[in-house]
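For reference, the structure discussed in these notes is given below.
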There are 2 protein chains.
Amino acid sequence: MIAAHQATRRAAPTLEAVASAAGVSRSTVSRVVNGSTQVRPDVVDAVNAAIARLDYVPNRAARSLASRQTMAIALIVPEEAARFFGDPFFAAIVQGITRGLESSDYVLNLQLASRTSTSLKTKKYLLGGNVDGAIVVSHHSDVEFFSELDATIPVVFGGRPFHPEQHSNYFVDVDNAAGAALATEYLLDKGRRRIGTISGPVDMQAANDRSKGWVSALTGAGLPTDLIAHGDFTMASGASAMRDLLDREPNLDAVFVASDLMAMGAISVLRERGISVPDQVSLVGFDDSPAATSTDPQLTTVHQPSTEMGLRMAHNLLALLAGEEVERQSILPTRLVVRDSA
Amino acid sequence: MIAAHQATRRAAPTLEAVASAAGVSRSTVSRVVNGSTQVRPDVVDAVNAAIARLDYVPNRAARSLASRQTMAIALIVPEEAARFFGDPFFAAIVQGITRGLESSDYVLNLQLASRTSTSLKTKKYLLGGNVDGAIVVSHHSDVEFFSELDATIPVVFGGRPFHPEQHSNYFVDVDNAAGAALATEYLLDKGRRRIGTISGPVDMQAANDRSKGWVSALTGAGLPTDLIAHGDFTMASGASAMRDLLDREPNLDAVFVASDLMAMGAISVLRERGISVPDQVSLVGFDDSPAATSTDPQLTTVHQPSTEMGLRMAHNLLALLAGEEVERQSILPTRLVVRDSA
DNA sequence: CTGAAAGCGCTTACAG
DNA sequence: CTGAAAGCGCTTACAG
């Protein structure tokens with residue numbers, strides 16, 4: 001049974017087989033496969049015919065070993081599957097990267113690297129010559145390995161690296177602080193004076209930058225910056241941070257929430273307590289993901305061009321792999337999208 | 001600048017280097033790396049020391065070429081990134097697979113194979129010796145390639161294959177028809193008589209099987225089976241299917257919806273039109289994903305053990321790769337979870 | 001328990 | 001424009 005099953009597995013034809021089928025040398029077949037223009041047209045045709053006839057596909061391992069290229073790129077996301085799938089931000093990033101790679105010969109290998117168990121496996125994967133380059137998204141301060149990775153293969157980060165010494169790395173980001181300040185100033189313009197924030201985890205740079213933007217806007221207006229609660233970018237954490245804020249300050253009249261998903265959680269708590277949005281408490285989110293239009297009321301939020309960020313990461317890595325000059329920092333613009341929550 | 005950057009890229013040490021550092025042959029280093037017990041303990045230590053000192057990681061391409069194994073498994077999902085990320089079902093599946101592979105040496109390579117552009121790339125990827133086996137989830141009837149894939153590498157499907165001739169393939173599934181019948185019978189027990197269904201796309205077997213279950217329950221009760229509308233498992237499609245049903249039958253009093261996500265869309269339409277759930281129209285979903293508890297009212301739904309399905313797929317593929325006997329069909333149980341929508 | 005040697009399936013100067 | 005030959009970094013019988 002098993003034997004029978006495996007017997008049906010046909011061995012893949014090799015370059016050698018194509019060569020003898022086409023009556024040429026292996027070198028020539030290799031040239032045709034790799035699109036060399038230095039081969040006589042009729043020979044090209046003969047070889048292609050043999051390739052089609054035998055259903056030949058080059059063996060990647062042999063090719064990698066000989067050419068020292070894998071034609072594969074790793075996308076590293078140091079997050080649990082639940083969060084990765086739960087946040088539309090990642091969907092947009094992946095879509096952008098996929099699109100950016102579409103016209104290239106590179107394939108994308110997604111590695112969900114939960115920060116504990118698989119990290120060694122991931123490390124070996126990256127260092128073992130499995131990929132030519134990597135894109136690292138959503139990295140936390142506790143994973144230092146990624147910053148050294150750049151010494152072995154080209155890496156593009158999504159989001160400004162956490163450690164200052166990593167500033168020599170390539171990254172694509174938005175100006176998180178400016179975006180957060182924009183949101184907070186909008187709330188100030190609306191006459192709000194007791195403005196809190198639900199921030200992301202302190203081990204992520206984007207979260208810290210957004211908090212900074214909120215602080216600077218409030219400080220500029222001579223207002224206190226005591227009302228900060230931390231979440232981890234999930235809906236549930238946004239809800240509990242909202243409860244925390246409400247308990248600490250009954251006169252709260254606005255909140256800048258560092259992600260749309262957390263804002264969803266916050267809104268549900270507000271409704272639960274019978275507090276009207278935006279009348280009693282105004283809310284501004286961050287991301288402008290699909291989540292922003294699925295709430296009631298819909299979210300006023302800071303738009304970040306997530307798909308474009310993915311696209312840019314792919315382009316920059318491709319350029320790096322091609323040996324081209326690439327700007328180390330790509331900072332994309334944010335803008336405020338006004339809907340109903342503020 | 002670029003030159004300087006690349007100059008810092010250090011070449012990875014080879015087996016050869018480790019061998020000479022440890023004063024042994026390459027064969028011996030290879031044995032130690034691969035955990036052979038036939039090496040003298042002190043030699044093992046010396047080799048491991050050299051490995052640690054040089055920071056040696058075996059080159060995967062060379063290893064694959066020599067051993068004819070890649071130690072990688074592909075997860076193929078023929079869906080756009082938007083749908084893949086939008087449906088919690090996939091998150092659970094991936095989580096299960098990841099967990100199932102955790103204790104193995106295999107790494108998972110996720111390939112989002114949009115059915116148009118990248119399919120050729122995916123095909124070459126799978127045939128080019130990049131992976132030792134594959135898991136295919138959410139395959140549609142128009143992608144015939146995957147069924148032939150099994151002739152080259154072991155494949156485990158998530159969901160019963162569409163074409164009858166593919167029944168020799170390995171797959172993990174639930175009894176979709178039985179689950180759907182269960183849901184429909186529950187609605188009948190509640191006294192509902194004008195029961196429609198929002199089905200999935202006709203090119204997916206799971207969708208067809210769920211429709212069949214709905215048909216059999218209604219037929220068994222002597223009721224008509226005309227009220228069927230098709231969606232594509234997305235929330236938006238559930239909403240428009242619900243509108244369609246309502247327009248066709250004002251006396252509709254219940255709907256079996258083939259996925260929780262589509263049920264979310266359906267509920268929003270019902271609320272929009274001021275139709276109360278479950279009083280005027282009862283709704284039963286399918287999946288029991290996190291979406292089921294995020295609606296108001298929460299969904300009564302058919303639970304399918306998505307994470308366990310992923311786990312089982314991984315286990316079965318691993319067994320196949322180890323040359324072990326594996327049952328071709330793994331059918332996992334469903335059960336009805338009663339909440340508030342019916 | 002260990003090493004020398006062949007081989008995995010490609011690419012790539014080097015000749016011609 | 002084409003082929004013979006070396007080499008990419010491993011594994012694996014085969015001797016010893």
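Numbers restart at 1 for each chain; the letters A, B, ... are given by sequence-line order, proteins then strands.
Closest contact between the side chain of B/Thr14 and the listed nucleotides C/dT11, D/dG9, D/dC1 involves D/dG9. Distances from the side chain of A/Pro58 to the nucleotides C/dC10, D/dG3, D/dG9 place C/dC10 closest. Listed nucleotides: C/dT2, C/dC10, D/dC10. Nearest to the side chain of A/Tyr56: C/dC10. Closest contact between the side chain of A/Ser27 and the listed nucleotides D/dG3, C/dG9, C/dT11 involves D/dG3. When distances run from any side-chain atom of A/Val39 to the nucleotides D/dT2, C/dT2, D/dC10, the shortest one goes to D/dT2.
Atom CG of A/Leu15 and atom C1' of C/dT11 are 9 Å apart (whole Å). Put simply, CZ on A/Arg60 is 21 Å from P on C/dC8, counting in whole angstrom units. If you measure from atom CZ of A/Arg63 to atom C1' of D/dG9, you get 18 Å, rounded to the nearest angstrom. Rounded to whole Å, atom P of D/dC10 lies 11 Å from atom CG of B/Asn34. The distance from atom CZ of B/Arg68 to atom C1' of D/dG9 is 16 Å, rounded to the nearest whole Å. Counting to the nearest Å, the P atom of D/dT11 and the CZ atom of B/Arg26 are 10 Å from each other. The distance between atom CD of A/Gln38 and atom P of C/dT11, rounded to the nearest whole Å, is 16 Å. Between the P atom of C/dG9 and the CD atom of B/Gln69 lies a distance of 14 Å, rounded to the nearest Å.
Of the residues listed (A/Leu317, A/Asn109, A/Leu101, A/Val94), the one engaging A/Leu75 in a side-chain contact (heavy atoms from CB on, under 4.5 Å) is A/Val94, and it is the only one.
Mapped onto DNA chain D by nearest heavy atom, A/Val24 and B/Arg31 fall at different nucleotides, with A/Val24 at the one closer to the 5' end.
Using the six-membered ring where Trp is involved, B/Phe85 and A/Phe84 have ring planes that are perpendicular, over 60° apart on the 30 and 60° scheme.
Residue A/Ser30 places none of its side-chain N or O atoms closer than 4.0 Å to OP1 or OP2 of C/dC10. Between B/Ser25 and C/dG3, a side-chain N or O to OP1/OP2 separation shorter than 4.0 Å is present.
The main-chain N or O of B/Arg63 is found under 3.5 Å from a side-chain atom of B/Ser67 such that the two form a donor-acceptor pair. Side chain of A/Thr70 to main chain of A/Asp132: a donor-acceptor pair is present (N/O by atom type, distance under 3.5 Å, no hydrogens or angles).
Summarising the local packing, CG of A/Asp105 is surrounded by 12 or fewer heavy atoms from other residues, nucleotides or ligands at distances under 6.0 Å.
A/Val43 comes within 4.0 angstrom of the backbone, heavy atoms only, and of no base.
Across all strands shown, nothing is found opposite D/dA4 as a Watson-Crick or G-U wobble partner with both distances under 3.5 Å.
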